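Just below is one structure, and these are the notes that go with it.
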Amino acid sequence: MKNRLVVQIGLALLVLLGLSGGADSADKVKAVASFSILGDMVRQVGGERVEVVTLVGPDGDAHVFSPTPADAKMLAGAAVFFVNGLGFEGWMERLEKSSGFKGKTIVASEGVKPRTMVEEEGGTPETITDPHAWQDLANGKIYAANIRDGLIATDPDGKSVYEANAAKYLDAIAKEGEAVKEAIGKLPPERLRIITSHDAFGYFGAAYGLEIIAPEGVSTESEASAQDVAKIIRQIKAEKIPAVFIENITDHRLLDQIARETGAKIGGTLYSDALSGPDGPAPTYLDMFRHNIGTLTAALSS
Ligand SMILES: [Zn+2]
């Protein structure tokens with residue numbers, strides 16, 4: 001009698017496990033994120049309830065992305081689409097329209113104070129919005145809160161889960177922000193000027209006290225002109241700027257040339273607009289900051 005009961009309970013458990021296992025992936029909220037950094041943030045807040053697919057993957061350049069029919073099909077099947085906004089995904093509206101996407105679009109940077117700059121494109125000055133707001137961890141907290149609210153609006157049953165995950169994540173982002181400030185604070189102030197290939201670290205520089213000079217503008221779409229490069233080479237020599245940094249998403253030949261002509265050293269690779277793959281040094285948003293700070297500290301402390 002006792003044995004039969006045990007067997008029955010065992011069978012019931014197996015059925016339950018089987019059901020929950022089978023229902024799991026079908027019941028998950030399908031989310032699409034425009035690029036890898038945002039994809040990780042959605043995973044952190046969504047946890048087990050959300051299945052996240054990223055359009056522009058590790059080491060990919062979202063500025064020059066062109067979506068495929070497969071991307072459109074994937075978006076069509078999603079409940080929610082997370083984008084950076086601030087003009088980062090110039091291809092986004094066309095993709096939304098062509099895919100027939102009917103879900104919610106959540107702009108993660110909503111509420112961020114945007115940085116603007118004047119860039120000269122073909123001799124005409126133009127005011128440009130800098131989209132790289134995620135490079136300031138204070139903005140990262142705004143992103144995480146928007147992701148939480150977007151997931152709750154899409155899947156109200158998961159409210160308590162998203163709130164708990166977000167609270168933990170917001171705490172971790174705040175702690176990383178303190179660590180970044182502390183690490184930069186230890187560097188000699190006269191060395192806090194660096195060169196990167198495109199202007200992706202404006203928010204980072206403004207938040208943590210680093211001057212960033214970039215031959216390319218805030219997008220990678222247009223190449224640096226010969227005059228821009230000559231100007232930067234003069235500036236590096238005149239101001240004795242110590243190091244230039246390669247980015248994971250861009251070709252580094254231009255920076256190699258600048259380093260050769262100025263004697264500035266190549267300080268390493270910074271992760272700007274994309275994460276590394278899972279086995280690389282920056283598989284998550286917070287790992288990206290840890291890696292970048294380690295690279296900056298190693299290159300600028302001596
Ligand atoms: Zn960029």
Side-chain angles (χ1 to χ4, degrees), residues 33-41 54-67 82-93 95 107-110 112-121 126-140 142-143 180 194-208 210-225 228-229 232 244-255 258 267-277 280-285 287-289 291-293 295-296:
S34 60
F35 71 122
S36 56
I37 295 170
L38 198 51
D40 169 59
M41 298 180 93
T54 293
L55 292 177
V56 183
D59 299 317
D61 182 354
H63 293 290
V64 295
F65 177 64
S66 70
F82 290 95
V83 298
N84 181 72
L86 301 173
F88 187 52
E89 303 97 339
W91 39 268
M92 176 188 105
E93 277 176 31
L95 173 65
V107 179
S109 67
E110 189 82 54
V112 159
K113 190 173 174 288
R115 296 182 78 248
T116 56
M117 60 254 296
V118 176
E119 279 187 8
E120 273 190 39
E121 198 65 47
E126 217 187 314
T127 303
I128 314 255
T129 301
D130 180 351
H132 307 90
W134 61 86
Q135 287 291 355
D136 174 353
L137 285 151
N139 290 338
I142 296 176
Y143 280 46
V180 170
I194 65 160
I195 311 281
T196 59
S197 34
H198 92 295
D199 211 348
F201 292 95
Y203 291 89
F204 183 94
Y208 306 114
L210 206 65
E211 190 190 333
I212 318 283
I213 300 146
E216 283 183 63
V218 293
S219 175
T220 55
E221 278 170 299
S222 57
E223 282 183 18
S225 69
D228 289 337
V229 175
I232 279 191
V244 304
F245 291 86
I246 293 166
E247 285 173 59
N248 67 317
I249 65 156
T250 55
D251 189 305
H252 56 79
R253 278 174 298 186
L254 174 61
L255 282 190
I258 290 175
T269 300
L270 297 178
Y271 284 77
S272 52
D273 295 17
L275 301 175
S276 70
T284 72
Y285 176 59
D287 287 333
M288 174 181 83
F289 277 89
H291 168 83
N292 287 350
I293 283 300
T295 303
L296 289 169

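The analysis underlying the following values was restricted to heavy atoms, covering all of them including side chains, and did not include hydrogens, waters or symmetry mates. All ligand and atom numbering here is 1-based and tracks the order in the structure. Please read all numbers here as calculations on a predicted model, not as lab measurements.
Partner of W134 under the ring-ring contact (aromatic ring centres under 6.0 Å, His included) criterion, chosen from Y271, F35, Y203: F35. Here the rule is side-chain contact (heavy atoms from CB on, under 4.5 Å) with F88, and of V56, L38, D273, V218 only D273 fits it.
A side-chain donor-acceptor contact under 3.5 Å links H132 and D130. In this model, no donor atom of one side chain and acceptor atom of the other lie less than 3.5 Å apart for T250 and T220.
For D59, there are no salt bridge (charged side-chain N to carboxylate O under 4.0 Å, His left out) partners, not counting sequence neighbours.
A donor-acceptor pair under 3.5 Å is absent between the side-chain atoms of Q135 and the main chain of A200, judged by distance alone.
Protein N/O/S atoms nearer than 2.8 Å to the Zn ion (ligand 1) total 4.
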